[in-house]
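Single-structure report; data block below.
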Amino acid sequence: MNVFKERLLPWKRSSSTFLRFLSDWFAKNARPFPWRKDYSPYAVWISEMMLQQTQADRGSEYFTAWIRRFPDIHTLSRASEQEVLHLWQGLGYYRRARYILQTARLLCKEHDGRLPAKRGALLALPGIGPYTAHAILSIAYNLPYCVIDGNVLRVWARLLDIPFVVDTVPFRKELELFLEGIMKGIEPRLFNEALMELGALICTPTQPSCGECPVSGFCESYRKGTVAIRPVKKKKTPPTRLACTAFVVSREGRYLLQRFPPGGLFANMWGFPIVQYENKHPDFASAAQDFQVKYAIQVKRKKRLTSFVHSYTRYKIHLHALLTVPVGQLKTLSKNQQWLSLEEIRQLPMPSAHHRIWKTLKGSVDKPCSTRVT
DNA sequence: TAAGCGTGGCA
DNA sequence: TTGCCAAGCTT
């Protein structure tokens, strides 16, 4: 990759000025996130796990609630997976929460309850990859490892005006060598946090604030006017569209809930029974038939609770939630299917769409006479 | 290597 | 309403 051979030399000469501009800017503009208070390895680890593919503003509240409930790794190690998932509810990518619990238990057993300060040991832990390992090493332990996340990739794609897709293994390797070269004159924590903060606040994906950028004088894309087309994006596969019908089955103030099987989507979380279709929604009779085949319960329709569009991973679903009542004899339930009260349901870890159905249901039960505009 | 894994905000 | 996007990791 010749990009770095060509552009490295000027950077080596002027990097001290670049670093000064960058760190001065960060000193004035760093957002006061709760994980920036003491930089304890535990806090840095939890925050970095929460911030994987998640904007920092959203992670902030979850982090505060998490630390309040699990102030240290030993407390965390004694938690149940259900409670951990419940605290994670709404944040997405739920296996991160399970990885954290696994790691906490493992560290309490084998590492005296501390996060290792060694790269290899960190990488061996569940849910910790190159980014998170380097983030812990540099931000918590102030060791000279660079982080390469979406922000850093975007910032450098523009600073160096890279004309090809940068989110590849070979480019990341070259960039890592480059960054390790120029970060020698600065605190590792400061360098990494400042670069990511710059990407989050100034060098944003759309409509970057180049006029306010402390290092625009170093930016090749800014000079050429190519900022808007950097970084070069790789094409994505469009989402699979699904039509889903959730069956809210009501019986004596309790509702039927099912647990998602371990290993897959929403593993070990709970939700309302659901049937899905590739095209459009069928009529109620055939949906009820499919529901009966899948869950062995015959139901009668009462009303439609809510409808909305919800996207997750590679799916985009149009969902109807129907309030129904069972007809005829009820089969014995397994431990992964339960009749639960609204309050019991509230305590369960649920994916966002199901939690939204629960909120609508609770509203319609609390205020059954409320005027519905639909 | 590419796909699977969530979600809410915003243009 | 729709598409795009974010402090990634695992298989």
Side-chain angles (χ1 to χ4, degrees), chain A residues 26 30-31 33-36 43-63 85 88-100 102-103 122-140 145-155 165 167-172 189 191-201 203-208 228 231 233-241 260 262-269 271 307-318 349-356:
Chain A
F26 184 68
R31 291 168 290 178
F33 289 125
W35 51 83
R36 287 184 173 157
V44 170
W45 169 50
I46 297 300
S47 67
E48 292 301 340
M49 291 298 293
M50 285 184 169
L51 268 36
Q52 289 173 6
Q53 295 285 282
T54 304
Q55 275 140 332
D57 283 331
R58 257 174 64 63
S60 189
E61 286 177 27
Y62 283 87
F63 177 84
L85 285 171
W88 207 267
Q89 179 170 290
L91 201 51
Y93 289 139
Y94 297 98
R95 63 182 180 181
R96 292 181 292 173
R98 293 199 307 277
Y99 287 147
I100 288 177
Q102 286 174 32
T103 296
L122 285 170
L123 287 173
L125 298 170
I128 296 185
Y131 167 79
T132 307
H134 286 206
I136 293 169
L137 291 165
S138 62
I139 298 175
Y145 293 85
C146 64
V147 297
I148 299 178
D149 71 330
N151 288 311
V152 174
L153 230 34
R154 182 174 60 256
V155 167
V165 173
D167 188 7
T168 64
V169 172
F171 184 81
R172 282 168 179 269
R189 170 194 296 159
F191 179 72
N192 285 334
E193 283 213 294
L195 226 38
M196 290 192 283
E197 196 79 342
L198 186 74
L201 297 181
C203 195
T204 49
T206 59
Q207 300 178 354
K233 290 164 197 149
K234 58 178 162 189
K235 51 186 167 194
K236 300 187 189 178
T237 54
T240 302
R241 292 164 185 282
F260 293 91
L265 186 62
F266 304 128
N268 298 344
M269 298 176 78
S307 297
F308 54 86
V309 179
H310 182 72
S311 296
Y312 55 88
T313 65
R314 62 186 202 84
Y315 299 101
K316 185 184 178 86
I317 63 171
H318 286 74
M350 280 190 292
S352 200
H354 293 265
H355 188 250
R356 182 166 170 177

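To find a chain, count down the sequence lines: A is the first, B the second, and so on, and within it residues start at 1.
Across all strands, A:E197 comes closer than 4.0 Å to base atoms (heavy-atom distances). Among the heavy atoms of the strands, none lies under 4.0 Å from A:R189. Among the heavy atoms of the strands lying under 4.0 Å from A:T54 is at least one base atom, whether or not backbone atoms are also near. Among the atoms of the strands shown, none is found under 4.0 Å from any heavy atom of A:P238. In this structure, A:R154 reaches the sugar-phosphate backbone alone: every heavy-atom distance under 4.0 Å involves primed, P, OP1 or OP2 atoms, never a base. Contact annotation for A:L91: base contact, defined as any heavy-atom pair under 4.0 Å involving a base atom. Across all strands, A:R356 comes closer than 4.0 Å to no nucleic acid atom at all (heavy-atom distances). In this structure, A:T132 reaches the sugar-phosphate backbone alone: every heavy-atom distance under 4.0 Å involves primed, P, OP1 or OP2 atoms, never a base. No contact: A:G199 has no heavy atom under 4.0 Å from any strand. Contact annotation for A:P239: no contact, since no heavy-atom pair falls under 4.0 Å across all strands.
Take A:F63 and apply the ring-ring contact (aromatic ring centres under 6.0 Å, His included) test, not counting sequence neighbours, and it matches A:W35. Applying the side chain to side chain donor-acceptor pair (under 3.5 Å) rule to A:S138 yields the partners A:N192; only residues at least two apart in sequence or on another chain are considered.
With A:Y312 as reference, A:F266 is the one residue of A:Y93, A:Y94, A:F266 to meet the ring-ring contact (aromatic ring centres under 6.0 Å, His included) rule.
Contact between the side-chain N/O atoms of A:Q52 and the OP1/OP2 oxygens of C:dG8 is not found at any separation under 4.0 Å. At the phosphate of C:dT10, neither OP1 nor OP2 sits under 4.0 Å from any side-chain N or O atom of A:R96. Checking the phosphate oxygens (OP1, OP2) of C:dC5, a side-chain nitrogen or oxygen of A:K233 falls inside 4.0 Å. In this model, the phosphate group of C:dG3 is approached by a side-chain N or O of A:R241 to a distance below 4.0 Å at OP1 or OP2.
Separating the CZ atom of A:R98 from the P atom of C:dT11 is a distance of 11 Å, rounded to the nearest angstrom. Taking atom CD1 of A:I100 as the reference point, atom P of C:dG8 lies 14 Å away to the nearest angstrom. Distance CG (A:L201) to P (C:dA6): 14 Å, rounded to an integer number of Å. A straight line from CE of A:M50 to C1' of C:dG8 spans 16 Å, rounded to a whole angstrom. The CD-P distance, from A:E48 to C:dC9, rounds to 10 Å in whole Å. Rounded to a whole Å, the CG atom of A:D167 is 12 Å from the P atom of C:dC9.
Each of A:S311 and A:R314 has a nearest nucleotide on DNA chain B; the 5'-most of these lies closest to A:R314. Of the two residues contacting DNA chain C, namely A:A56 and A:G127, the nearest-nucleotide position lying further toward the 5' end is that of A:A56.
Rounded to whole Å, the separation between the P atoms of C:dC4 and B:dA3 comes to 16 Å. Comparing the same atom, P, in C:dT11 and in B:dG6 gives a spacing of 14 Å after rounding to whole Å.
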Worksheet item: Going through the distances and angles, do A:V44 and A:E48 end up as a side chain to side chain contact (heavy atoms under 4.5 Å, CB included)?
Response: CA-CA 6 Å; A:V44 170; A:E48 292 301 340; 4.1 Å; yes
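If you walk DNA chain B from 5' to 3' and mark each nucleotide with an atom closer than 4.0 Å to a heavy atom of chain A, the marks span B:dG4 to B:dG8.
Looking at A:E197, its side chain never comes within 3.5 Å of a backbone N or O of A:A30 through a donor-acceptor pair.
With 3.5 Å as the limit, one finds no donor-acceptor pair spanning the side chains of A:S47 and A:R36. Looking only at atom types and distance, the side chain of A:Q52 has no donor-acceptor partner in the side chain of A:Y131 under 3.5 Å away.
Residues A:R31 and A:D57 are paired through a salt bridge, judged by an N-O separation under 4.0 Å between the basic side chain and the carboxylate.
Closest heavy-atom contact between A:A353 and A:H310: CB-CD2, 3.8 Å.
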